[in-house]
Structures are given as C-alpha cells and as structure tokens.
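Only this structure's heavy atoms are used, side chains among them; waters, hydrogens and symmetry mates stay out. Each chain gets a letter, A, B and so on, in the order its sequence line appears, and its residues count up from 1.
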Amino acid sequence: MANAKYRIKKRKDALKELNGLVERDSNLLIIHYSCESFYNIKDGRTPRITSIAVRYFNTGQTISFSIHKVAEKQGKLDSIEDHYNELEKSMLDEFFQFVSTHINYKWIHWNMRDINYGFEAINHRYSVLGGTPSMIHDNNKYDLARKMVDIYGNYIKEHPRFEKLIDKNNITKRDFLGGAAEAEAFENKEFVKLHQSTLRKVDILQSVVERIIENNLKTDTTLREIYGFTPQGLYELVKENWGYNLFIFLLGAILSGIVGYIITLLLT
DNA sequence: TCTCAAGGAATCTATTCCAG
DNA sequence: CTGGAATAGATTCCTTGAGA
C-alpha cells in the first residue's frame, strides 16, 4: 500500500478535478454504451455497438443512438438482423456527427478505456464500417470508475462493483440489465430493453457523480482506509466531513472551558 | 576499515479487475 | 467467457550503521 500522504493527494486531485467539471457543467456530458458480448464472436470481428447514450449534465437531457431507432426511421424494424452493418453505420454516423459538434466537451464515462470496451472500440467499429471517427482528446475524458479508486480506494468489495454500488446507495434500478444480461438481450433481439438499460446507466452515473460531490456516496471503504491514521489524515477527515470552522470552534470552546475552570479554582 | 545485519526501496511476479 | 492494466504480494537489492 502506497503511503498515506500520496493517497490523500490522489484523493484530493481526483475530487478537485471532478468538482471542476461539475462547476462548468454546461460543458459536461456523461456517456455509456452497450455492445455485443466481448467473447463468443465466431468470425473474429469486433463486437457491434448496439446503443449509445449521452446525457447533458446540467439539463439532464439525454441523446441516444441505437440500432433499433435507426431501423424504425428507415422502416426496417422487422428485418434488423439482415441490415446490421448499414444500420450500425447509420447509427454511428449520427453519433460521430454529435461528437464533432461536442469535441470540446468533457466526457464522463465508466471504464471505456481500451479497444475491448471504450472509445477506442467505437472508433474502431466505425472505421471497419467505412466511417472516419472524430477523435475526442484524452484530456476531455474522465473515467469515473478509475477516479473512484483514487477517491475511495477499493470502494466496493463485492462484484460486480457497479451494480453493488447502486444497491448500496438505493439508486433505482428499473430497466437496469447486468453486463451478461445485456449481451443476452442483444442475442434475443430485445433492442428496446437494451436501449433502456443504457439510458438508465447514464442516469445512474449522474447520481453517483452528484453524490460524490455532496460527499454522501455510500461505499465499503471505512474512514480509516480512506484517510489513514496519520495527523494529516485526521486533519483532512475533520476538514472534509465536519467543516474546519466547526473544529476550530469546538477546540476554542474546550480551551476556554479549561481556562475558565482553572480561574475558578484559583479564585476559590 | 571491514563485515554483517537490518530495514527501506526497488524490482519482479502473481492476482485481480472491468466493460457487454 | 478476453486481455491489458493496475494492484497486491513476494523477493531481491542496496544502503546505512554498528561492532570488532
């Protein structure tokens, strides 16, 4: 375990960064997406993107892109599986059109970090289908799952963490599907379910962010694990949780009490 | 001044983790 | 179920200090 000082610094940095994002929330987006299962693809191609949801942090308005929505527009709802490639391509066309007009926004995401699952995967998929992806600069991406480790350490002991975190915080799970269930929904062509699950997740991500900012997110890490049992840790603990002013006030009250007591002793 | 022990630091390896 | 990255655990290495 790295030393306490370093951990406190990481926590502070991550919180500061997140606060900064939320302060400029007119420029802030939350993104999540669903795709086919990562394994179990027979012909070696990368998993299809099935739906993407993007939520404006300040207004809560959510834009979404999904295969079945595109199919509906093009009148192909009953023959989706015959047109996967072109439908997926049209959906990504719409998505990247959106990206190019929001290239300077900040994007909060959950573990979308590599070619397996993440921005890289979406870009790759679009290239495969013949598109040219607009790249979001890495500086504009904020991986909430990773930053939460900086802030809380091992914030949930049980797995899957995302789902357990939701349970622990009593955030509503209507329409929510676990990862395996989402992949299964795609197999069964339950695109609407899939889409709603993605929408719900983006919703949940916003709640989580807000709770972190308000310092009332419930996690499995104890105060001691977060701050460590060191003078600086205790100082941060008091400062963040009960307010520095209250601490100083109480300290003053105790000291004046002691002084008063000594004076009465001397006078009697 | 040399040797050896102890402990902190650095490096190497094993395990966990995460999205659908 | 994947795959790589990050973390935790294990091991080695190096420095420092004390004693002969």
Carboxylate-amine/guanidinium contact A:Lys10 A:Asp13, below 4.0 Å = no
A:Trp110 stacking on B:dA19: centroids under 5.5 Å, ring planes under 30°?
-> no
Which residues within residues 111-130 of chain A lie with some heavy atom under 4.0 Å of an atom in DNA chain B?
-> A:Asn111, A:Tyr117
Decide whether A:Thr221 and A:Thr219 meet the rule of one side-chain donor and one side-chain acceptor closer than 3.5 Å.
-> yes
Is the centre of the A:Tyr33 ring less than 6.0 Å from the centre of the A:Tyr117 ring?
-> yes
Which one of A:Arg55, A:His109, A:Lys201, A:Arg200 satisfies the side chain to side chain contact (heavy atoms under 4.5 Å, CB included) criterion with A:His32?
-> A:Lys201
Return the set of residues passing ring pair (Phe, Tyr, Trp, His ring centres under 6.0 Å) with A:His102 (not counting sequence neighbours), or none when no residue passes.
-> A:Tyr56, A:Phe98, A:Tyr105
Using the six-membered ring of A:Tyr142, assess whether NZ or CZ of A:Lys147 lies under 6.0 Å from its centre and within 45 degrees of the ring axis.
-> yes
Within the structure, does a side-chain N or O atom of A:Lys201 lie under 4.0 Å from either OP1 or OP2 of B:dG20?
-> yes
Whole-Å distance between B:dT16 P and A:Ile156 CD1?
-> 19 Å
Atom-to-atom span, OH of A:Tyr33 to P of B:dG20 - whole angstrom | 8 Å
For A:His32, answer base if it contacts any base atom (sugar-phosphate contacts may also be present), sugar-phosphate if it contacts only those atoms, and nothing otherwise; contact means non-hydrogen atoms under 4.0 Å.
-> sugar-phosphate
Pick base, sugar-phosphate or nothing for A:Phe162, based on heavy-atom distances below 4.0 Å to the nucleic acid.
-> sugar-phosphate
